[in-house]
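Take a look at the structure set out below.
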Protein chains: 2
Amino acid sequence: MTFQVPYATRLAVCGSKHLALYQAIRDSIVGGALPSGERLPSTRQLAELYGLSRGSVSVAYEMLAAEGFVRSIVGRGTFVAGGTTETGLTLAAADAKPASPSGDAEPALSAWGKRMMQATLREPGGAAERSSAAEAEKISFVPRGIGEQWFPWMEWKASVTAQWKRLGPGESDERFVTEGSEELRRAIAGRLGRERGIACAAEDIVITGGSMQAIALLSQLLVESGDTVVTEDPCYPGIRQAVLSSGASLVTEPVDRQGIVPQDWEARMLFVTPTRQFPTGAVLTFERRLALLDWASRRNAWIVEDDYDSDFRWGGRPIEPLKSLDRGGRVIYVGSFSRSMRREIRIGYAVLPRSLREPFIRAKRLYDPYPEGIAEQRALAGWMHSGGYDRHLRRMRRLFHKRYELLKAGLSRGLAALFEVHPADAGLLLYARWRADPADYDRLKARCRTYGAAWGDGAKYAAAGRESGLSVVFGFAHLGEEDIAEGLSRIRRAAADLGLLSGNETKGERRDGGHAARRTGIV
Amino acid sequence: MTFQVPYATRLAVCGSKHLALYQAIRDSIVGGALPSGERLPSTRQLAELYGLSRGSVSVAYEMLAAEGFVRSIVGRGTFVAGGTTETGLTLAAADAKPASPSGDAEPALSAWGKRMMQATLREPGGAAERSSAAEAEKISFVPRGIGEQWFPWMEWKASVTAQWKRLGPGESDERFVTEGSEELRRAIAGRLGRERGIACAAEDIVITGGSMQAIALLSQLLVESGDTVVTEDPCYPGIRQAVLSSGASLVTEPVDRQGIVPQDWEARMLFVTPTRQFPTGAVLTFERRLALLDWASRRNAWIVEDDYDSDFRWGGRPIEPLKSLDRGGRVIYVGSFSRSMRREIRIGYAVLPRSLREPFIRAKRLYDPYPEGIAEQRALAGWMHSGGYDRHLRRMRRLFHKRYELLKAGLSRGLAALFEVHPADAGLLLYARWRADPADYDRLKARCRTYGAAWGDGAKYAAAGRESGLSVVFGFAHLGEEDIAEGLSRIRRAAADLGLLSGNETKGERRDGGHAARRTGIV
């Protein structure tokens with residue numbers, strides 16, 4: 001029997017048991033805790049629960065019934081009035097009103113809390129992504145992971161449900177190990193050795209819930225108020241948020257076409273995306289990699305290498321990850337499967353220098369002693385062993401490579417006067433600078449809205465007040481080939497409406513999207 | 001094609017392409033990144049990958065083969081030597097040695113990191129639980145959740161796999177909402193209203209990965225260095241760890257038989273377990289509850305109410321949770337399903353005052369923007385709607401109530417001279433004070449080890465240096481009735497060996513465990 005009303009509260013005030021019970025149940029009905037149609041316990045049950053006589057409970061129920069709060073149905077029980085009972089009978093409504101919100105205190109946040117609120121206010125992050133995802137009718141190039149339709153859900157679900165079925169009595173205690181599935185950590189270590197040249201073992205790896213968990217924990221563990229931390233500019237906003245929340249001063253170092261330009265920062269930590277700078281796509285040169293490692297060694301600083309989508313490379317030669325070149329144990333390598341699989345698959349990991357292993361595990365344990373989603377972790381390990389993960393990657397690479405070429409060609413053919421696309425030989429988005437008059441940017445955006453097309457603002461990734469000129473991102477991994485073509489066509493039509501395209505480009509438009517443009521009567 | 005060796009590193013040093021490739025592959029083999037038996041890419045693939053001529057790659061492969069690092073098998077490919085190839089052929093071993101660990105820097109942790117290391121060092125937590133779980137042959141009363149055998153795995157797994165099968169294209173965007181499944185939050189709000197008298201709605205609730213995530217985030221969000229925070233003494237060590245990591249001064253307030261004794265603490269926050277004090281089992285009186293609320297209101301302080309196992313109540317009358325009495329929005333109610341279900345089910349939640357909702361969600365989002373385990377969250381919501389969760393609870397209550405009575409009777413009958421059991425009318429463990437000479441405690445523990453019996457040390461829960469006298473905990477939810485009886489019998493035999501039981505109690509032993517005692521020839 002679990003049932004609770006504010007009996008003790010009322011008893012303390014009025015002293016009479018049956019009156020206290022009557023008031024307690026009435027309060028719960030009026031306050032909304034006991035909804036209409038809810039069946040109340042029997043007098044026997046309630047008497048036992050609160051140590052009352054059945055007579056006292058009956059008196060309380062009679063008082064409630066008399067005032068219309070409850071209704072007793074012979075052979076069925078006592079129900080809260082004002083709705084439909086479990087048995088389908090409609091009861092007379094009592095004067096119940098919805099729960100009034102209790103007066104709330106103003107929150108006095110900690111210094112961390114205030115910084116976090118400030119940092120996340122400036123950069124809304126998740127919320128923006130969600131609202132854009134909701135606008136389904138529109139062709140949106142705002143990046144949002146891999147399309148549902150490309151992900152082999154059936155195969156993946158079969159792997160996870162198979163692992164789920166295996167869970168249960170007699171299983172190993174891996175479910176209670178903070179660092180996550182050993183099988184998965186071993187599989188990741190194997191892949192990193194073969195494919196990225198990183199020699200590490202399962203015990204160097206900790207599985208996290210996405211890569212942001214690793215980044216936030218590392219900021220907390222290694223950085224404090226007053227320290228200086230360097231991030232690339234532009235970069236993933238979550239990294240800046242984590243750094244600013246930790247209280248560090250943020251140095252946002254602009255990237256050029258070869259990535260971040262090494263400096264002799266007086267800093268404690270550097271976040272960097274060498275394989276493919278996020279979001280510009282620049283590949284950090286080998287010389288700069290060595291310079292960063294040299295800097296970290298001299299300054300006794302940490303480098304967090306975020307290798308967020310190295311699985312999707314379209315050309316160029318792979319340059320060694322910082323981690324594979326790290327002799328001093330200064331590099332923490334962070335990876336994630338949320339980008340190569342689906343965003344809702346919350347599996348990321350950190351490869352830690354030996355000295356940080358124990359502190360990182362303990363920090364993670366403070367938030368949750370056991371791993372979440374152990375069945376998914378094991379399913380991924382199994383998928384790697386069976387070759388399923390590689391098959392998925394090969395298939396995605398083929399699909400996305402075509403889309404990448406299509407988008408790149410479309411942007412450079414018809415829209416080159418507006419968008420200067422950065423060269424990128426990897427990844428699932430294209431980054432471009434706005435070439436035309438800044439005043440036309442918003443006009444084109446608005447016009448595109450009426451055509452049902454959108455792209456991502458680069459401003460989201462730029463450090464506050466830093467952006468020189470406007471930049472944009474075009475994600476393509478969630479869009480089909482036809483959507484990409486149609487989306488580009490809509491943007492071209494909108495640009496043509498506004499007279500932003502030269503004659504040459506308008507002709508290009510006539511060739512591949514002419515019928516649509518003619519229909520609108522503009523060309 | 002994903003394959004990586006330190007080619008750029010070598011090229012930078014030696015200048016010659018084929019020599020650089022040879023050295024890069026050799027390094028990867030010697031370093032362990034390319035294990036024995038691994039198949040190398042074809043010369044064509046490798047030439048394409050690194051922008052070399054096939055001739056250069058062939059020369060590098062020949063050099064590697066000449067030194068015994070690789071072996072080529074006609075029609076099959078080139079393999080790393082020293083093991084078995086994919087095709088089952090054994091290759092000659094090269095002089096490969098295991099990866100040498102890279103020299104590691106000493107970690108310089110942040111102030112938070114140092115405090116966290118200090119706080120978690122004193123109280124090992126998870127690790128201790130794991131090692132005790134590993135000693136399977138022993139009957140251990142060290143609490144460790146609900147036994148695998150009592151949990152309806154088949155039913156639960158069917159619910160989760162059904163939700164897994166529903167995931168996929170076309171699903172709602174609930175998977176991307178930081179606060180977790182709305183269906184589950186609504187179901188929890190309904191239960192809290194009916195069973196705990198807490199009027200709240202789905203939007204007041206945030207799902208967390210276990211209750212520790214909520215506790216750690218709240219400490220971070222609301223407490224800072226220099227603040228004072230009050231915890232009960234004894235209490236769950238994770239709470240102290242989170243508070244100490246935040247930099248607050250910790251006031252550990254001793255509890256008596258009615259729970260924590262309210263004071264006019266100059267503090268910012270209080271963690272309290274009113275329903276059933278952890279681990280002593282004391283129920284906080286109604287008057288004290290009101291006094292705590294009054295204190296929070298006057299001091300403008302926060303109260304975190306950890307209602308960790310209110311689902312298992314064996315007697316007494318339920319007193320209103322602080323949250324149901326909270327008019328000022330000062331109480332944060334934290335709950336968890338890891339205790340009523342299985343520890344590896346990482347679903348907890350916080351019911352937040354309106355003013356804290358947004359800060360808490362943003363803090364959680366910093367660590368991971370999307371919820372983990374959405375299929376499990378939905379499965380739990382479905383289990384609640386279908387009545388499955390209630391059936392499970394009813395069954396557990398019946399089972400555990402019997403075990404609780406059995407353990408209580410066994411401790412008070414045969415072992416009352418040693419253990420003074422605290423009265424507790426709820427929960428899955430019994431707390432007791434060691435009555436005898438402290439010097440005998442370790443002797444009995446050691447003796448019990450030889451018989452294969454153990455209990456939990458209360459010291460784990462006590463504030464450092466605070467414990468007056470020794471205390472113990474006996475968990476029973478993972479043990480069968482026979483195990484409980486046999487475990488108690490072993491402890492009695494061990495105590496009898498050491499002459500710690502009076503004649504009367506030894507006789508009690510003879511009655512219910514006499515054959516075992518006789519066998520050892522002691523009575």
Side-chain angles (χ1 to χ4, degrees), chain A residues 2 4-6 8 31-33 50-51 99 102 104-105 107 110-113 120 126 133 148-149 153 157 160-161 164 168-169 173 175 193 195-197 199 209-210 212-213 216 220-224 286 317-320 327-330 344 346 353-356 362 366-369 372-373, chain B residues 2 4-6 8 31-33 50-51 99 102 104-105 107 110-113 120 126 133 148 153 157 160-161 164 168-169 173 175 193 195-197 199 209-210 212-213 216 220-224 286 317-320 327-330 344 346 353-356 362 365-369 372-373:
Chain A
T2 48
Q4 184 149 39
V5 290
Y50 283 113
S102 53
D104 256 22
S110 67
W112 184 90
T120 54
E148 303 256 13
Q149 61 275 47
W153 274 114
K157 287 191 291 188
V160 178
T161 52
W164 258 100
D173 268 344
R175 283 167 289 172
E195 301 183 358
R196 309 294 286 130
M212 259 317 287
Q213 192 185 44
Q220 205 167 341
L221 196 59
L222 298 174
V223 171
E224 68 189 304
F286 185 66
R317 75 177 61 162
I319 301 181
E320 289 87 303
R327 296 285 162 261
R330 309 260 26 139
E344 60 266 63
R346 307 312 298 156
R354 204 148 299 196
S355 61
L356 279 183
R362 284 211 224 159
L366 192 68
Y367 289 84
D368 197 356
E372 298 179 15
Chain B
T2 46
Q4 185 150 39
V5 289
Y50 283 113
S102 54
D104 256 22
S110 68
W112 184 89
T120 55
E148 304 256 14
W153 274 114
K157 287 190 292 188
V160 177
T161 53
W164 258 100
D173 269 343
R175 282 167 289 174
E195 301 183 358
R196 309 294 286 130
M212 260 317 287
Q213 192 184 44
Q220 205 167 340
L221 196 58
L222 299 174
V223 172
E224 67 189 306
F286 185 65
R317 76 177 60 163
I319 301 181
E320 288 87 299
R327 296 287 162 261
R330 308 257 31 135
E344 59 267 62
R346 307 311 298 157
R354 203 147 302 194
S355 61
L356 279 183
R362 283 211 225 160
R365 188 178 291 149
L366 192 69
Y367 289 84
D368 197 357
E372 297 180 15

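The most heavy-atom pairs under 4.5 Å with chain A, out of R196(B), Q213(B), E320(B), M212(B), come from E320(B). Counting heavy-atom pairs under 4.5 Å between each of G210(B), P318(B), A216(B) and chain A puts P318(B) at the top. Interface check for chain B: of the options G193(A), G197(A), A8(A), G373(A), the most heavy-atom pairs under 4.5 Å are formed by A8(A). Residue with the most contacts toward chain B among I319(A), V223(A), L221(A): L221(A) (heavy-atom pairs, distance under 4.5 Å).
Formation of a donor-acceptor pair under 3.5 Å by the E224(A) side chain with backbone atoms of A111(B) is found in this model. Q220(B) contributes no side-chain N or O that, together with a main-chain N or O of G113(A), makes up a donor-acceptor pair within less than 3.5 Å.
Between S110(A) and L222(B), the shortest heavy-atom distance links the atoms CB-C, 3.8 Å. Among all heavy-atom pairs drawn from E372(A) and G209(B), the shortest one is OE2-CA, 3.1 Å.
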From CA spacing to verdict: side-chain contact (heavy atoms from CB on, under 4.5 Å), R365(B), T120(A): CA-CA 9 Å; R365(B) 188 178 291 149; T120(A) 54; over 6 Å; no

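In this structure, OH in Y367(B) is found 3.5 Å from OH in Y367(A), a value given to the nearest 0.5 Å. Remark: T161(A) OG1 to K157(B) NZ distance equals 11.5 Å, nearest 0.5 Å.
Using a 4.5 Å cut-off between heavy atoms, Y50(B) touches chain A through backbone and side chain atoms alike.
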